[in-house]
Amino acid sequence: MARTAAPVYDPQAIEPKWLDAWKKAGLFRVTEDSSKPKFYNLVMFPYPSGPLHMGHFRNYVIGDAFARYKVMRGFNVLNPFGWDAFGLPAENAAIKSGIPPRVSTEGNIAISKHELDIMGVLYAWDREVTTCNEDYYRWTQWLFLKFLELGLAYKQKAAVNWCPKDNTVLANEQIVNGVCWRCGTKPTKKELEQWFFRITAYAQRLLDDLKKLDRWPERVRVMQANWIGRSEGAELDFFIEHDGKLRVFTTRPDTVFGATFMVIAPEHEIVQKIVTPEQRAAVDGYIERTKSETEIERLSTEHVKTGVFSGAYAINPFTEERIPIWIADYVLATYGTGAIMAVPGHDSRDFEFARKYKLPIRRVISVSREASNEPLDSAYEPYEGVLVNSGPFTGLSVKDGIQRIAADAERKGIGRRTVTYRLRDWLISRQRYWGVPIPVIYCPDHGIVPVPYDQLPVRLPENVQFRSDGQNPLLHTESFVNTTCSTCGKPARRETDTMDTFVDSSWYFLRYTGAHDQTQPFDKTKADYWMPVDQYTGGIEHAILHLLYSRFFMKVLFDAKMVSVDEPFAALFTQGMIHRNGYVMAKSKGNGIAPDEMVEKYGADTGRVYELFIGPPEMDAEWNDRGVDGVARFLHRVWRLVLGEEDDVVAGVVQVLPEDLTRKLHETIDKVTKDVEAFRFNTAMSALMELTNLMQDYLQAGGRRDEAWEAVCLGMTRMLGPFAPHLAEELWQRQGGEGLVVFQPWPEVDAALLRRPQVTIVVQVDGRLRDRIEMPAGIDQAAARELALRSQNVQRVVGDRRVQRAVYVPDRLINLVTQ
RNA sequence: GCGGGCGUAGCCGAAUUGGUACAGGCGCACGGCUUAGGACCGUGUGGCGCAAGCCAUGGAGGUUCGAGUCCUCUCGCCCGCACCA
């Protein structure tokens, strides 16, 4: 093969050329091709907030390397990209600087695309999706209407989280550690009419199907399961003295004989009905105080429990005792029924409350019947033990008690077994401008009227007046607000709320399968060909929000027969973040490294390989500028080895035979292939470095650039294809390769070449390493033992003791056990 | 508090899942090339010991022919969730 020598590796001189070549060759331009297996490779699309830095690129480099690898493995690879382009930052910037959101967003997209290009990160740009463009958001609106039609979108007055800084409501999922996920402000509660998606209707399936996601990280599944928060228990009705009843949810019906008082949330609607005249003033004062508390203060475990007596009493249906009803903010209005039966003996929160307000504490569970009256100095909360002081149920185990008491309540018609979830419906209304307008109108005669499908899109006006008070400018854009009812033609008003941007990102992966469809959100045939996403790669910060919402969407669309699979992402990988100088690489910390800087100093390939080599991809990693130098040295070395002429021979170095080189090549192919399949890019890079080191040793020892050598060079070149793609193309061309290396098949392991004629057997005596002996591969135990016993080291250690037995691991180790 | 995970050289980290502990990179040392270099190239590099060897995977036990890997206890760190009845 004709080789063209080159004096030095000059990345800046070669990289742009190959970017053009890939674009011309249509890398990642794909159609539904049944002759090849499909592979849908996806990285989470970004919000275009400004220039990218090398921290962002870890995700894109991993995704790009994997996509290129799959191309080389012969897959029909869909590898699209887009922009989650609606959102608050662009709007806030517009308020500050007057630059319209579309202008700044498009500017940021252009910059980012350039940066992806120079790093050699390519996508199916012919399928690019931008969520703020009309040809995308009209279909987001279309899907909203579909949800409405299916009864999965509804408007309701509710106490919702309001962020005073961002001037909008937030979904439950967007309250992180008690504060707004975006700006860190403590939210307040507001009573507002808002749009919701009925995600709770899918709670059980979202939980059950986590089991199907065996190629998702365990911790993401655990986080989602906890978020959904299924609890099995029972609802029990307690009659209120004089009038009505109070329903509670409990996971421990077995403790009902220990319920010595009840507690209801301050927001509970029954409060006003039951409060007695004597307690009215105290109760009103208490409710007023709890309202002024922020959510974070109220939910804190350190928060000292407070409460007030309502004056009313209920009857415990099992003990028939008269028990007081208290109002306390440690009971949440939004969980269960907003009311509890308090069992201070067996619930630490109730215990604390009972102590403070001198309420009776009774033991109804004990380790044994005999210990039934032992005093309690803290709540006793085990799931084993026996029921005591529990009337006819005394003596039952906790497990049986739960079943028998629940069944008894059912029979008496005062309760039923039930399941509760923590998951709340998804609040999707946002009182903000830069988002998808919710496509409904309000008619004085017809109420809420959905905009007919054929009138979509409801265009977001772009000529609006931003306001310094943070109010949604749509409210004041008359041309937008004023419309006519599509049913009766009378004047009507448009909804001015826009949708949570997480709605946009809940279906973008479907739009990629037919990005320019002008007639529907996506084509079922195409979606069926490509879905599910085979490999999804992105940040752990989306463990709940985006990933849960997308799963919900997929299930709704599955039920609507619009898609044929009900989970969107078959495999998920969450990469760690890159730190530098002690902080996560971020624009705000000023510790980012610009891709341009990287390319100018080292070339894109060094940046790419460094990000793959930096550490286990799922873990955070510290950026080390010297480490980048090390990778640059590695690539320069590969260049010299593959394209160099003759090297200086240094005598006296360990002999490396051509067959050793060939074997190492195949071992490397084997290792790199397995590592890449398992997303262990760091060890894949180490393996390539090892091969390079052996190539160096070979030449140092006077090895010739013969056929075996050439084969190793070509194998190395192909393996570099996904990781250092520009360098690989250049090496491929200079070695006389045809076409592009990215379209070459990934090298195959020749199992015959992996076998060694000789193996090093570790010889242990009583488990301690005593010698290493070269033996023929496949040697049996008796022969290996024979050889091992000849070792002088072994003989000295064994002395005159008898070798009682030997443990033999074929071709690896023999352990001689004495005595 | 509950759940998940981690602890290996001076640093980042490997270790076919119970079988040679520390691959690869950084750093460091020495050598080469250089007028010179914090550049480049190469070699070496866990600790103690003259050596045979011994000691080393946060700590203490245990199981095993054999433990970084499994079990028990313990210390430390990280990440979720957090008054969810």
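Hydrogens, waters and symmetry mates are skipped; everything else that's a heavy atom, side chains included, is used. This structure is a prediction, so every number in the text was calculated from the model and none was measured. So that the names make sense, note that chain A is the first sequence line, chain B the second, and so on, each numbered from 1.
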Could you go through nucleotides 45-52 of chain B and list every protein N or O atom that sits under 3.5 Å from one of its N or O atoms, giving the distance for each pair?
unit_1: B/A52; atom_1: O3'; unit_2: A/Arg796; atom_2: NH2; d: 3.1
unit_1: B/A52; atom_1: O2'; unit_2: A/Arg796; atom_2: NH2; d: 3.3

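- By the side-chain hydrogen bond (donor to acceptor under 3.5 Å, both in side chains) test, A/Asp425 is found to be paired with A/Tyr154, A/Thr200, residues two or more places apart in sequence or in another chain being considered.
- Distance, A/His579 NE2 to B/C78 C1': 11 Å, rounded to whole Å.
- A distance of about 15 Å separates the P atoms of B/G68 and B/C54, rounded to the whole Å.
- For A/Arg796, the side-chain hydrogen bond (donor to acceptor under 3.5 Å, both in side chains) partners are A/Asn793, not counting sequence neighbours.
- Ranking B/A85, B/G4, B/C54 by closeness to the A/Arg770 side chain, first place goes to B/C54.
- In summary, of the residues considered (A/Ile814, A/Leu813, A/Leu816, A/Asp771), a side-chain contact (heavy atoms from CB on, under 4.5 Å) with A/Gln764 occurs for A/Leu813 alone.
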Where does RNA chain B pair, written as one dot-bracket string 5' to 3', with Watson-Crick or G-U pairs under 3.5 Å, ( ) inside the strand, [ ] for crossing pairs and | for another strand?
(((((((..(((......[....)))((((((.......))))))(((....)))..(((((..]....))))))))))))....
Could you run through nucleotides 22-32 of chain B and give me one letter per nucleotide, 5' to 3': B if any protein heavy atom sits under 4.0 Å from the base, S if only the sugar-phosphate is that close, - if neither?
-BBSSS-----
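- Contact annotation for A/Arg424: no contact, since no heavy-atom pair falls under 4.0 Å across all strands.
- Residues meeting the side-chain hydrogen bond (donor to acceptor under 3.5 Å, both in side chains) test with A/Asn815, sequence neighbours left out: none.
- Every ring pair (Phe, Tyr, Trp, His ring centres under 6.0 Å) that A/Tyr357 has, sequence neighbours left out, goes to A/Trp326, A/Phe353.
- Under the 4.0 Å criterion applied to side-chain N and carboxylate O atoms, A/Glu667 and A/Arg756 are assigned as salt-bridge partners.
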List, with names and distances, any nitrogen or oxygen atoms from the protein found under 3.5 Å away from nitrogen or oxygen atoms belonging to nucleotides 19-21 of chain B.
unit_1: B/G19; atom_1: O2'; unit_2: A/Arg812; atom_2: NE; d: 3.3
unit_1: B/G19; atom_1: N2; unit_2: A/Gln764; atom_2: OE1; d: 3.3
unit_1: B/U20; atom_1: O2; unit_2: A/Arg772; atom_2: NE; d: 2.3
unit_1: B/U20; atom_1: O2; unit_2: A/Arg772; atom_2: NH2; d: 2.7

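- B/U17 adopts a syn glycosidic conformation, its chi angle falling within 90° of 0.
- Under the ring pair (Phe, Tyr, Trp, His ring centres under 6.0 Å) criterion, A/Phe573 pairs with A/Phe679, sequence neighbours left out.
- In this model, the phosphate group of B/A82 is approached by a side-chain N or O of A/Arg422 to a distance below 4.0 Å at OP1 or OP2.
- With sequence neighbours left out, the ring pair (Phe, Tyr, Trp, His ring centres under 6.0 Å) criterion links A/Trp216 to no other residue.
- For the side-chain hydrogen bond (donor to acceptor under 3.5 Å, both in side chains) test, residues two or more places apart in sequence or in another chain that qualify with A/Lys674 are A/Asp670.
- For A/Tyr698, the ring pair (Phe, Tyr, Trp, His ring centres under 6.0 Å) partners are A/Trp709, not counting sequence neighbours.
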